[in-house]
Each structure stands twice: as structure tokens, then as C-alpha cells.
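Here is how names work: the chains are called A, B, and so on, in the same order as the sequence lines, proteins then strands, and each is numbered from 1. Note: hydrogens, waters and symmetry copies are ignored here, and every other heavy atom, side chains too, is used.
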Amino acid sequence: MPFTIATWNINSVRLRLPIVETFLRRFEPDILCLQETKCPNDLFPHAAFEAIGYPHVAIHGQKGYHGVATISKLPFDDVVRQDFCAVGDARHLSVRVEAGEKRIRIHNLYVPAGGDEPDPAVNPKFRHKLDFLEEMRAMRASGEPGVSSILVGDLNIAPFEADVWSHKQLLKVVSHTPVETEGMIRVITEGGWADLMRHAIPVPEKLYTWWSYRAKDWDAADKGRRLDHVWGSGDLVADLRGIEVLREARGWERPSDHVPVIARFDL
DNA sequence: ATGGTTGATCGTCAA
């Protein structure tokens, strides 16, 4: 059976509810994982999602910052909210679904951006990001017997040269420094994950999911980075039918600086 | 080298 999952850093779910609804109506993913919802739990717009066919919603929000939400057509159970680095940030949410022949744990993650200065000794935000990455090493693609895994989200790291507009110019820019890119590749390798975006669209093809708000003409300048990711347990590689990065969404009305990534499977 | 933009919230932080 077809199974589709999307991930999108929405940068305020309430402000951008209209374009989220447009996206869901047009692409009809079974599951949408949102990051940076910036929405306290008691103000989350549940009714809007239920009204367009998404009655199953898990949220992990806080006031002002961060926040993740998993919005689903399919029922799920065993919701887990992990407090990475024990700082009380709402940055992780996982659920377990049954789709086709498979049971799948879906992790929805929002990794700290890490601030501007890529030195953990002087920048506590970068220290936090590296600590978060270290804690991610415990995430295993085969964590539960008989359960496949998908990990999506804004991981705020672009691991490969083809994931940034200029490898040389970004080597000392947070998101593409060696300690981050090597750390991420270690998490992928040790955890038994497959980088599904790069299975479908291999290096060296350039692939971006984020363009800064600060760039004057994001489309023409095209100074993007691949900060959003879709990882899966090894068994899902054979089931993957394609990846779509919805670049056009960066040009929508009042856009997020991130665009949706859609993964399609036949399970 | 610097400043550039956006959102939540209401001066300032986070990204």
C-alpha cells in the first residue's frame, strides 16, 4: 500500500495555518511532521486539522520557541516525548503507526540551530547542539523488534558538500562545520540509518531545503542548505518510491524559510 | 567585515 510522510519546519503553525492546509489538501500525506510550531499546547489548532482529514495529532509544544507536532490520517500509539539534554525544550516527539505490512516508529526532531559562533567553548548554543547530536547517537533504526523506523525533521546540519551552495564558504558556518557534519554521519552510521533523501537523489546533485530570509532574492541567489532530513531503517530503502523537495513553497505567501520534504513508500 | 529578515511577544531572544 502507498504510504507518504512529509516533514516541514513551519516557523509558527498558527501564522502559517493557511499554507499548511493548502499543502495537506494538495499532497495528502498520511503523516505530516511539523517543527518550530511556536505554539503552546493549549492553543494548538486541532480543529483545523481534523476538519481536513487529520484527526490524529500529537503535539509537544512550549510558549514562544521550538515545538513539534505530528499530524496523521492514520491512528498511532505509544507517543514518546524525549527531553534531549534535559533542558525542557520541546524538540522531539515520536509515535508508532501501522502502515501496510509494517509497524513503524516515526521520530519528529528539531535539533538546536547552534547560534552563530562555531566554538563550543565560547558559545553555549553550539555546545548544546553538539551535546544534542551526541545524545542522538543512542537513536537506533532497529530500536524495537519487529518495528521499522523513520526519523524526520529539521536537523540543522547539512552533512555533504552537495547539501550546501558553497562547501568552502560554509566550512566555518554553523550547520556545515566538520564537527557537525562528521557527527551527523556518525549518528547515521552507528544508528543503522539510511539517508533516504540521498538514496533517491544521490550526491553530487545539489539539494536544499532551506533558504535564509535574509537573502534578497532567494531563488536567483539560491544560497540554500539541506537542513531537513528523512532517515529510515534499512528495510525501508527497498520500499522507497521517491523523495520530493517542494522548492516552490519557499515562494508561497508569507513562507517559512524551510520547505516541505515528502517521502513516498510502497509498503 | 558587516548586516541582512522573520516570529513570538511586547524588550529581546532565537533562528
Atom pairs and distances, donor-acceptor, side-chain atoms in residues 38-45 of chain A, under 3.5 Å, two or more places apart:
unit_1, atom_1, unit_2, atom_2, d
A:Lys38, NZ, A:Asn11, OD1, 2.9
A:Asn41, OD1, A:Gly61, N, 2.8

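- Per the geometry, CD belonging to A:Glu117 stands 13 Å off P belonging to B:dA1, to the nearest Å.
- Taking atom C1' on both B:dG4 and B:dA15, the two are 14 Å apart, rounded to the nearest angstrom.
- Taking 4.0 angstrom as the limit, A:His66 places none of its side-chain polar atoms (N or O) nearer than this to OP1 or OP2 of B:dA8.
- Rounded to an integer number of Å, the gap from A:Asp257 CG to B:dG4 P is 18 Å.
- A:Arg250 pairs by the salt bridge (Lys or Arg N to Asp or Glu O under 4.0 Å) definition with nothing, not counting sequence neighbours.
- Phosphate contact (OP1/OP2 of B:dA15, side-chain N/O of A:Arg91, threshold under 4.0 Å): present.
- Taking only distance into account, the side chain of A:Arg14 never meets the base of B:dA8 through a donor-acceptor pair shorter than 3.5 Å.
- In this structure, CZ of A:Arg214 is placed 11 Å from P of B:dG3, rounded to the nearest angstrom.
- The stretch residues 216-226 of chain A does not touch DNA chain B, since none of its heavy atoms comes less than 4.0 Å from the strand.
- Out of B:dA15, B:dT6, B:dA8, the shortest distance to the side chain of A:Lys38 is found at B:dA8.
- Checked against the 6.0 Å centroid threshold, A:Phe84 and A:His92 count as a close aromatic pair.
- As rounded to whole Å, 11 Å separates atom P of B:dG7 from atom CD of A:Glu36.
- Between A:Tyr213 and A:Lys125, the one whose closest nucleotide on DNA chain B sits nearer the 5' end is A:Tyr213.
- Of all nucleotides listed (B:dA8, B:dA15, B:dA14), B:dA14 comes nearest to the side chain of A:Tyr65.
- Centroid-to-centroid, the aromatic rings of A:Trp8 and A:Phe23 come within less than 6.0 Å.
- Considering A:Leu240, A:Leu236, A:Val261 as possible partners of A:Val230, the one that fulfils the side chain to side chain contact (heavy atoms under 4.5 Å, CB included) test is A:Val261.
- Remark: A:Arg16 is in phosphate contact with B:dG7, judged by side-chain N or O atoms under 4.0 Å from OP1 or OP2.
- Exactly one of A:Val147, A:Asp78, A:Val97, A:Asp77 qualifies for a side chain to side chain contact (heavy atoms under 4.5 Å, CB included) with A:Arg103. That residue is A:Val147.
- Rounded to a whole angstrom, the distance from the C1' atom of B:dC10 to that of B:dA14 is 16 Å.
- Using a 3.5 Å distance cut-off with no hydrogens or angles, the side chains of A:Ser94 and A:Arg105 do pair a donor with an acceptor.
- Rounded to whole Å, the distance from CD on A:Gln62 to P on B:dC13 is 17 Å.
- Taking atom CD1 of residue A:Ile19 and atom P of nucleotide B:dG7, one finds them 10 Å apart after rounding to whole Å.
- At whole-Å resolution of the value, CG in A:Asn9 and C1' in B:dT5 are 15 Å apart.
- Straight-line distance from the CG atom of A:Leu227 to the C1' atom of B:dA15: 11 Å, rounded to whole Å.
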